[in-house]
Undergrad: 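Quick one: this structure, given as structure tokens, is what I'll be asking you about.
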2 protein chains.
Amino acid sequence: MVDKNTKAWSGCPVRFGMSQFGDKWSFLIIRDLMFKGRKYYHEFIEAGEGISTNVLATRLADLESNGIINKSRDPVKGSRFIYTLTQKGIELMPMMLAMMDWAEKFDAETEVPQEFIKKLRSDPNKLQQEILKNLPK
Amino acid sequence: MVDKNTKAWSGCPVRFGMSQFGDKWSFLIIRDLMFKGRKYYHEFIEAGEGISTNVLATRLADLESNGIINKSRDPVKGSRFIYTLTQKGIELMPMMLAMMDWAEKFDAETEVPQEFIKKLRSDPNKLQQEILKNLPK
DNA sequence: TCATTTAACTTGTTATTTACAAGTAAAACT
DNA sequence: AGTTTTACTTGTAAATAACAAGTTAAATGA
């Protein structure tokens with residue numbers, strides 16, 4: 001794949017994004033954390049997309065080492081970990097929302113609640129604040 | 001990879017996006033078309049990212065079949081083709097700009113001209129119109 | 001007009017990554 | 001203390017990407 005360590009791999013924001021989260025599974029994990037309230041390993045597995053366990057493990061590790069997500073032991077149930085978005089991860093929200101807006105427009109099958117889309121198009125900042133409020137800290 | 005033909009693969013806007021352009025190379029091709037003025041096969045190859053010829057060919061074909069780009073013979077020089085963004089492709093601009101905004105914020109190496117970033121943060125719609133004006137039709 | 005060049009691929013092979021299946025380890029529950 | 005839960009790791013087969021070389025169709029130059 002792309003070698004992000006070469007000199008040529010620096011400077012461009014799109015390349016940077018791709019090197020940090022530019023993979024289908026990373027996007028879906030971020031979506032789960034941002035919009036679906038998922039936070040445990042098993043929840044990502046059971047999300048039904050069909051990610052395999054080894055790929056999930058490496059993606060979570062990559063996202064963590066890139067500072068996009070945070071991993072901590074569940075204080076309630078110590079056999080599991082809680083994954084949350086860092087500030088850096090949270091700030092991917094405008095990009096994710098722009099993508100959702102686009103998809104809703106061009107994909108007949110996409111089923112975003114009308115209320116969500118309406119808010120997104122009329123007052124995106126307000127929508128973002130609402131989503132943010134519901135994110136686990 | 002993800003089977004976008006299963007029932008489970010429909011409904012979600014993020015999954016839809018990933019199935020249509022969710023791959024590093026697709027992003028970079030879209031970036032080239034949207035911001036770098038590239039439009040020929042050889043320009044994508046020579047962009048210096050290191051994409052291989054077979055991968056470029058399949059990505060261009062996929063993007064075309066997904067209606068994101070358009071392929072037509074160059075009227076001036078019939079031995080080559082011109083690739084351009086369709087309306088559907090152009091409307092990925094807000095997402096791309098959101099990504100660039102994010103990258104500029106979190107990557108010290110990212111070198112987006114200050115003027116660009118300033119415009120992006122103060123009046124993104126105006127910036128978009130300017131970029132749009134410069135896109136080949 | 002016919003050989004050469006240019007541009008866009010295609011094909012073949014190797015290397016890397018992913019998918020799938022099964023096993024392991026650490027903590028919690030009983 | 002033994003079973004269960006959760007989060008992985010490991011091994012192998014299949015798919016994809018990288019790399020190198022070859023092919024085709026149009027343009028260009030002699």
Side-chain angles (χ1 to χ4, degrees), chain A residues 1-6 8-9 15 18-29 32-33 37-66 69-84 136, chain B residues 1-6 8-9 15 18-29 32-33 37-66 69-84 136:
Chain A
M1 236 288 107
V2 175
D3 179 8
K4 63 182 176 185
N5 295 318
T6 59
W9 192 253
R15 285 184 304 205
M18 291 301 96
S19 73
Q20 295 253 311
F21 58 78
D23 149 90
K24 290 179 218 242
W25 292 123
S26 302
F27 268 91
L28 294 175
I29 291 167
D32 281 357
L33 289 163
R38 296 185 182 125
K39 47 184 180 297
Y40 300 113
Y41 182 95
H42 75 269
E43 291 180 313
F44 303 124
I45 292 288
E46 289 155 15
E49 316 283 9
I51 190 169
S52 44
T53 58
N54 52 351
V55 173
L56 176 57
T58 62
R59 289 299 177 279
L60 288 171
D62 289 348
L63 288 170
E64 192 194 2
S65 81
N66 286 334
I69 67 174
N70 197 274
K71 178 184 185 176
S72 61
R73 212 167 263 283
D74 187 344
V76 177
K77 201 170 186 180
S79 67
R80 60 189 188 186
F81 295 92
I82 296 184
Y83 294 94
T84 53
Chain B
M1 238 290 106
V2 174
D3 178 8
K4 64 182 175 185
N5 296 318
T6 59
W9 193 252
R15 285 184 303 205
M18 291 302 97
S19 72
Q20 295 253 312
F21 58 79
D23 150 271
K24 290 178 218 242
W25 293 123
S26 302
F27 268 91
L28 294 175
I29 292 167
D32 282 356
L33 289 163
R38 297 185 181 123
K39 47 185 182 296
Y40 301 113
Y41 182 95
H42 74 267
E43 290 180 314
F44 303 123
I45 292 288
E46 289 155 15
E49 315 283 11
I51 190 169
S52 44
T53 57
N54 52 352
V55 172
L56 176 56
T58 63
R59 288 300 176 283
L60 288 171
D62 290 348
L63 288 170
E64 193 194 2
S65 81
N66 286 334
I69 66 174
N70 197 273
K71 179 184 185 175
S72 61
R73 212 166 262 286
D74 186 344
V76 177
K77 202 168 185 181
S79 66
R80 60 189 190 186
F81 295 94
I82 297 184
Y83 294 95
T84 53

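Numbered from 1 within each chain, the chains take letters A, B, ... in sequence-line order.
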Undergrad: According to a strict under-4.0 Å criterion, is Trp25(A) in side-chain N/O contact with OP1 or OP2 of dT17(C)?
TA: no
Undergrad: Do the rings of His42(B) and Tyr40(B) sit parallel, tilted or perpendicular, given the 30° and 60° boundaries?
TA: parallel
Undergrad: For the atom pair CD1 (Ile51(B)) and CZ (Arg59(B)), what is the distance rounded to the nearest 0.5 Å?
TA: 7.0 Å
Undergrad: Please tell me which of the listed nucleotides, dC8(D), dT10(C), dT10(D), lies nearest to the side chain of Asn54(B)?
TA: dT10(C)
Undergrad: If you check the Thr53(B) side chain, which of dA21(C), dA7(D), dT10(C) turns out closest?
TA: dT10(C)
Undergrad: Got Tyr83(B) and Arg38(B) here, is their nearest side-chain heavy-atom distance under 4.5 Å?
TA: no
Undergrad: Taking the minimum atom-to-atom distance to the side chain of Phe81(A), which one of dA7(D), dC9(C), dT9(D) wins?
TA: dA7(D)
Undergrad: So which one's nearest nucleotide on DNA chain D is more toward 5', Ile51(B) or Ala57(A)?
TA: Ala57(A)
Undergrad: Pick base, sugar-phosphate or nothing for Phe44(A), based on heavy-atom distances below 4.0 Å to the nucleic acid.
TA: nothing
Undergrad: Nearest to the Ser52(B) side chain among dT9(D), dT18(C), dA18(D), which nucleotide is it?
TA: dA18(D)
Undergrad: Where is the tightest heavy-atom contact between Met18(A) and Lys24(B), given as atom of each residue plus distance?
TA: O-NZ, 3.6 Å
Undergrad: Check the distance between dT17(C)'s P and Lys24(A)'s NZ and give it to me in whole angstrom.
TA: 17 Å
Undergrad: To the nearest Å, how far apart are Ile82(B) CD1 and dC9(C) P?
TA: 13 Å
Undergrad: Whole Å only: how far is the CG atom of Leu56(A) from the P atom of dT17(C)?
TA: 18 Å
Undergrad: Taking the minimum atom-to-atom distance to the side chain of Lys71(A), which one of dC8(D), dA8(C), dA7(D) wins?
TA: dC8(D)
Undergrad: Could you go through nucleotides 24-30 of chain D and list every protein N or O atom that sits under 3.5 Å from one of its N or O atoms, giving the distance for each pair?
TA:
| from | atom 1 | to | atom 2 | distance (Å) |
| --- | --- | --- | --- | --- |
| dA27(D) | OP1 | Gly78(B) | N | 3.1 |

Undergrad: Write down the distance between NE2 (His42(A)) and C1' (dT6(D)), rounded to a whole number of angstrom.
TA: 8 Å
Undergrad: When you check the phosphate oxygens OP1 and OP2 of dC8(D), does a side-chain N or O of Arg80(A) lie under 4.0 Å from one of them?
TA: no
Undergrad: Is the phosphate of dC9(C) approached by Tyr83(B) (side-chain N or O, under 4.0 Å from OP1 or OP2)?
TA: yes
Undergrad: Side chains of Ser26(B) and Asp23(B) only: does a donor on one sit below 3.5 Å from an acceptor on the other?
TA: yes
Undergrad: Which one, dT10(C), dC8(D), dA17(D), comes nearest to the side chain of Val55(B)?
TA: dA17(D)
